[in-house]
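Each chain gets a letter, A, B and so on, in the order its sequence line appears, and its residues count up from 1.
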Number of protein chains: 2
Amino acid sequence: MSSRSQTITAILTKAILDHRLVPGCKLGERELSEIFDVSRIVIRQALIRLADDGLATIERNRGAFVAKPSLQEALELYDALTLVEQGVAAQLSERLGPSGWNELRQHVERQRQAVEAGNDALADLLGQEYHTLFVRLSRNKVMQEIHAQLIRRTTLLRSLIPADFDYCNLLDDHSRLIDLLEKGRLKPAMELIASHHNTVVRGYIMDRPAHVELTPRDALAPYLDTTRPEKGSRGSENASEIREEAGGTTSQAGKTNKIRSHRHDGHHSANANPEGTLQ
Amino acid sequence: MSSRSQTITAILTKAILDHRLVPGCKLGERELSEIFDVSRIVIRQALIRLADDGLATIERNRGAFVAKPSLQEALELYDALTLVEQGVAAQLSERLGPSGWNELRQHVERQRQAVEAGNDALADLLGQEYHTLFVRLSRNKVMQEIHAQLIRRTTLLRSLIPADFDYCNLLDDHSRLIDLLEKGRLKPAMELIASHHNTVVRGYIMDRPAHVELTPRDALAPYLDTTRPEKGSRGSENASEIREEAGGTTSQAGKTNKIRSHRHDGHHSANANPEGTLQ
DNA sequence: AAAATCTATATTGATATCCAATCCTGCATT
DNA sequence: AATGCAGGATTGGATATCAATATAGATTTT
């Protein structure tokens, strides 16, 4: 199997994407090494990987922290994401066969059913996976990895500015995009992608931050294998609960995952936070 | 300043991009730790960074090796690079001001002069930097980093399949692209970018590998600070020689950096190496 | 009392040494 | 010749230790 530091990288990544470890949170080597019951070196390696992925920053002699992107970087991230998805869209409109379009439509249909059933968490997850599926159909692993990283970083962003609708509940956009691309109407498709992301980013900019900050110990407790004897304090939940919770609502973090229809109209004066970081 | 492992990551990266460490080369922890006179752990951290960047692969209990991309990955890399540059081009054609176009033209002019002067190494370097400058004008650091990584990986590719023309000596393409974009003729500009990269990739596919394999010790000798007492065997060259050599021809590696005009015609049956890796 | 400085503690960066697991090589055997 | 085994080498990891640095608390000064 993979090395321990890789496992820990994965766990930390998941915890960050679940908004359990929020931007700015200190990732102390000693603390994490006690939590995971490994040596500091293993933790350090995991933190290096996190930093390379853009999810953490390492300050010399100060330690690692969950990354806290600036407003500038947030805009750049969505810009890059738009660029990538537009490029992939252009490729797909030329190269994708009927079975591919079908796969996309099936996915949208599943999300629609989830929305109807009121299963917000699942709908949210499917909404995110739509974009992943979209890129996967390009059959370019390099592109997939780039896109996945961008998605991770935008997910991180969302724990900074909890929007009341999440990344991809813009279901109609997804459906319309498929139609436009299959018909080869490239230009409106491009604009749709751009406005799609713009809608999301605008939603974020004006919202005010929330998110309770958990200590790493509390945040990571659900991910730990509690079959072996515990050293630390608490830790009653077991690993199986994670899957259940995956991509869904984490009550402790105070996240609200309302499904909403668009608001393309909203041109809210986007100046809630003119300066540096999205505190 | 930056940590030692970061310094070593940078040195190894440079050595790989200079084709001194070629794909498949074993990067043993003990050997490197002796070469750089640091502990194994520092080396390990550097190798992790290299692997995250796609320049090395780490196999469990076997160690790290300079990455040896498959033909498939090579094609995907150029595909991704094309996608990114097309996207940036589309943005620039809308947003770039006269001073930006001017900057690009100046760059091309400098490369033209280098070609005229017969300074192949400089022309080659400028040719590569054109693409970097291009992306930098988008003012998107996220995009810049993605692009830079793709460039690094394609550069790695070139040490696998030494083409007799290098990445970006297609001077006319660069100049024409600027003209097309400034005039807003987006579609031909996109096609130009695609064919630009296709030309390069086609050139690679049919060429047969060469490149003498150096031992890590020999390969890294020029990068070491020889002011402190040497432990290892040889090592007469000093650091100043590196700069001189940077981006240029490394005689030991047997590289040939001929500047050539295009060969858009060449539709050579591209089946020199149908199977897996570009050996 | 507020500000500035200094000291003590905690954390990181790094080294050395040690150990287990695993891979590879070479030798012996069939 | 092919197979199987043993030993060596290498990686992944643990632990203990040390120097450098940053934070926080205590002390002094204004």
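Atom CD of B:Glu31 is separated from atom P of D:dA9 by 15 Å (rounded to the nearest Å). Remark: P of D:dT10 and CD1 of B:Ile43 are 15 Å apart, rounded to the nearest angstrom. Atom CZ in B:Phe36 sits roughly 16 Å away from atom C1' in C:dA14 (whole-Å rounding). The CG-P distance, from B:Leu27 to D:dA9, rounds to 21 Å in whole Å. In this structure, A:Ile41 atom CD1 and D:dC18 atom P are separated by 16 Å, rounded to whole Å. One can place CD1 of B:Ile48 at 14 Å from P of C:dG13, the figure rounded to the nearest angstrom. In this structure, B:Arg44 places its CZ atom 14 Å from C1' of C:dT15, rounding to the nearest Å.
Between C:dT11, C:dC24, C:dA14, one nucleotide has an atom nearer to the side chain of B:Val42 than all others, and that is C:dA14. Of the listed nucleotides (D:dG12, D:dT10, C:dT11), D:dG12 has the atom at the smallest distance from the side chain of B:Ile58. The side chain of A:Gln45 sits closest to D:dG13 out of C:dT12, D:dG13, D:dA14. The nucleotide whose nearest atom lies closest to any side-chain atom of A:Asn61 is, among D:dG12, C:dG13, C:dT15, C:dG13. Closest to the side chain of B:Arg30, out of D:dG13, C:dG13, D:dT11, is D:dT11. Considering only the side chain of A:Arg60, C:dG13 comes nearest among C:dG13, C:dT11, D:dG13.
For the pair B:Arg62 and C:dC24, the criterion of a side-chain N or O lying under 4.0 Å from OP1 or OP2 is met. Residue A:Lys26 has no polar side-chain atom (N or O) positioned under 4.0 Å from OP1 or OP2 of D:dT23.
Of the N and O atoms on the side chains of A:Thr155 and A:Arg158, at least one donor lies less than 3.5 Å from an acceptor on the other residue. Side-chain contact check for A:Arg152 and A:Thr13: no donor-acceptor pair (N or O, by modelled atom type) lies under 3.5 Å. No side-chain donor-acceptor contact under 3.5 Å links A:Thr9 and A:Gln6.
Between A:Val142 and B:Tyr78, the closest side-chain pair of non-hydrogen atoms is not below 4.5 Å.
Residue contacts shown for A:Leu47 are absent, as no nucleic acid heavy atom lies under 4.0 Å away. Across all strands shown, B:Arg4 has heavy atoms under 4.0 Å from sugar-phosphate atoms exclusively, and none from any base.
For the salt bridge (charged side-chain N to carboxylate O under 4.0 Å, His left out) with A:Arg40, the lone residue among A:Glu31, A:Glu29, A:Glu34 that qualifies is A:Glu29.
Contact of A:Arg40 with C:dG13 (side chain to base): a donor-acceptor pair of N or O atoms is detected under 3.5 Å.
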